[in-house]
Amino acid sequence: MARKLSTRLLVVLAVAAVFIAGCAKTATTTKTEVKQPFKVGAVLSVTGANAPLGDAEKKALELEVASINKDGGANGHQLEIVIEDDESDTTKAVAAVNKLIKVDKVVAVVGGTGTGSAMGIKPIITASKIPFVAMAAGNGITAADNTWVFRAPAKNAVAADKALEYISKTLKLKKIAVLYDSNPFGQDGIDEIKKEVIAKDMTIVSEQKYETNATDVTAQLTTIKAANPECVIVWGTNPMPAKAAQTMKQLSMTMPYIGSHGIANTKFIDLAGDAANGVVFPAGKILIPSSIKDAGQKAAVDKFITDYKAKYDGIAPNTFAGHAYDALHIVSDALGIAGSDSAKLRTQIEKTSGFAGPDGIYKYSKTNHDGLATSDLIMIKIVGGKWTLVE
Amino acid sequence: MLLSKVLQFVITGVANGAIYALIALGFTLIYNSRQIINFAQGEFVVIGGMAAYTFYVTAHLPLPVALLAAILVVTLLGVAFERFVILPLKNAASISLIIATIGMSIFLRTGAMLIWGKEAMTLPHFFGDKPWNIMGATILPQQIFIIAITLVIVVGMQLFFRLTVTGKAMLAASMNPEAARLMGIRSERMVMYSFAFSAALGAVAGVSIAPLVMMSFGSGAALGIKGFSAAILGGLTNPLGAVLGGLSLGVIESVGAGLISSAFKEAIALIVLLMVLLIKPSGVFGKIGTRRHAR
């Protein structure tokens, strides 16, 4: 027995010795030949309810990491991306970011496809002191305790401001009604609208709410109709805003329908059909690339769209792919200048100014980790089932 | 203005109530045959709607053919459910059967997600989407169709159970399976029929509401709860009660959302459900003494 054991022990030791020697060898060779790669972690909702968003983000990250590395990486360091799927589940997003930080030892994290995931990631990031560039739009992500948290897309409040600016400056209307989803997305919208209407000298004549899984909003719209608003803002994500457009048509409510960026996809047109025509909503410029005036941004977006289409069967990148592009490039640019030290990297991201990507031209500061303004958004009108730019 | 507003709430309520009634009818059928609540009823509705979408939009079949094909698919699903899940559990307690239906609902919901994806879908209106005007309030042809089909079905069901041999046999088997078997009725087959009927009814509801309700794989739970509340309100054993329960629920919900607060609209169904269970567990339209044989 003792003899048997010691033989086994010898074998184990021998294997271990070979393994250690092998590791040491590879480690030394990489050190002498190229700079250590930088590992960036990504938590995306590749499956689950947010899959249509997370899938596009994953594709954009894979495309852009390859493109950055081909161009020499971040100051000579190759980028390595570790993508974790949170299955659109906040709990799994927390587990995923813990794994990325503790096991993969990433130098920065991007992602959080939905606001729920991003909010789950936030406290872990704050405790671990690793820079995080979020891809979700909920106002809360960059509000309070945001030292380590930045954001790529325009936040919900900015989109709401853009919509109100359109109503007050372009349409010159004062009496508005709001129909909103009871989820955090709708709540963000109504909160900002309520705050902004006072400054813009507008009044909300009716404010109605619906549950995300509701099937009918006739009662709400009947109340809105009776309040006689000059336009109706509908703040929610598919499918109910499409139902609202149809119901407004049924109730012969002909005032303008102003939507949120939550309907910035062709699915809205599929669902609402004819009723989609005339609907106006704020969205990122990537949906209508010809709307981009800045030459640098135009070049970057055109290249992104061409590369994305070439790699993924001719399908154009949506706004979510654009968020991933921006988040990754902001991190990569900062890594190139500051290196992988967390504190230096964070300060460098905060200094980002003038970076131009699909979502706009970023200007972060000590107090502003959002970087985008209403000028980075456009208003889109649906005409004949197609998106057209509102000048 | 106020009058037409209230009229609109009532008309919308009746139209939505007819949808709840259609779903509720499926609950009463299965409850009558097996004394269980089928929590997969909402999924039958959704799969009916989405199958119709596939047959009509993807396979380009004529609309009536697509609708019938969708109803057939769901009916077969109901039969399979009874044969492979309910029948093998024939000696199990009611609670085990109810849990089996919950399992089935999760299975069907996930299956629907894998087959049809995660996005919502909708069908064109059967008779156009130009609303009819009634004293300043409007109703869609599709909503009138749903109200009409609900009435046709409830009358048809009464005739079927009273006048046909199969209907009488199903009724007998539901009242006393042992005695029915002694009379030469194959009680187990009658249970299968009621699952087939119930699934078919769910599918009829699904295809009829598909132009109005933007359905996705997860819509079944919300629709099922509304139908279940309507069935409870109507006394669970009585098809006519289910229809009245559905219509009342729709009107209460719509008027409540309009005149009190839209924030409570979806909660009203649950509040009504709780109140009925607390005050009159046999249902507002359920007669005391109609309790059937319990295993």
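In what follows, chains are A, B, ... by sequence order, proteins preceding strands, each numbered from 1. Heavy atoms only: backbone and side chains are in, while hydrogens, waters and symmetry mates are out. Since the model is a prediction, treat every value here as computed from it, not as a measurement.
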Go through the atoms of S182(A) and report whether side chain, backbone, both or neither lie under 4.5 Å from a heavy atom of chain B. neither
Sort by residue number and list every residue of residues 202-209 of chain A having at least one heavy atom under 4.5 Å from chain B. Q208(A), K209(A)
Sort out for me which of I209(B), T122(B), I19(B) touches chain A most, counting heavy-atom pairs under 4.5 Å. T122(B)
Name, in order of residue number, those residues of residues 45-58 of chain B that have a heavy atom at a distance of less than 4.5 Å from a heavy atom in chain A; otherwise write 'none'. none
Taking the side chain as everything from C-beta on, heavy atoms only, tell me whether W235(A) gets closer than 4.5 Å to H261(A). yes
Tell me, out of I11(B), N16(B), D129(B), who's got the most heavy-atom pairs with chain A below 4.5 Å. N16(B)
May I ask you to say whether K267(A) pairs ionically with E119(B), meaning some side-chain N is under 4.0 Å from a carboxylate O? no
Are any non-hydrogen side-chain atoms of V234(A) and Y180(A) less than 4.5 angstrom apart? no
Non-hydrogen contacts under 4.5 angstrom with chain B: give the residues of residues 245-253 of chain A involved, or none if there are none. Q246(A), K249(A), Q250(A), L251(A)
Is K243(A) in contact with chain B via its backbone, its side chain, both, or neither, using a 4.5 Å heavy-atom distance? both
Looking at V255(B), L259(B), N133(B), L212(B), which makes the most heavy-atom pairs under 4.5 Å with chain A? L212(B)
Which atoms of A275(A) come close to chain B, meaning under 4.5 Å heavy atom to heavy atom: side chain ones, backbone ones, both, or neither? neither
Note, Q187(A) side chain near I190(A) side chain (heavy atom, < 4.5 Å): yes
Does any backbone or side-chain atom of N238(A) lie under 4.5 Å from a heavy atom of chain B? Answer side chain, backbone, both or neither. neither
How about L249(B) and I252(B): do any of their side-chain heavy atoms sit closer than 4.5 Å? no
Within residues 218-230 of chain B, contacts to chain A at heavy-atom distances under 4.5 Å involve A222(B), L223(B)
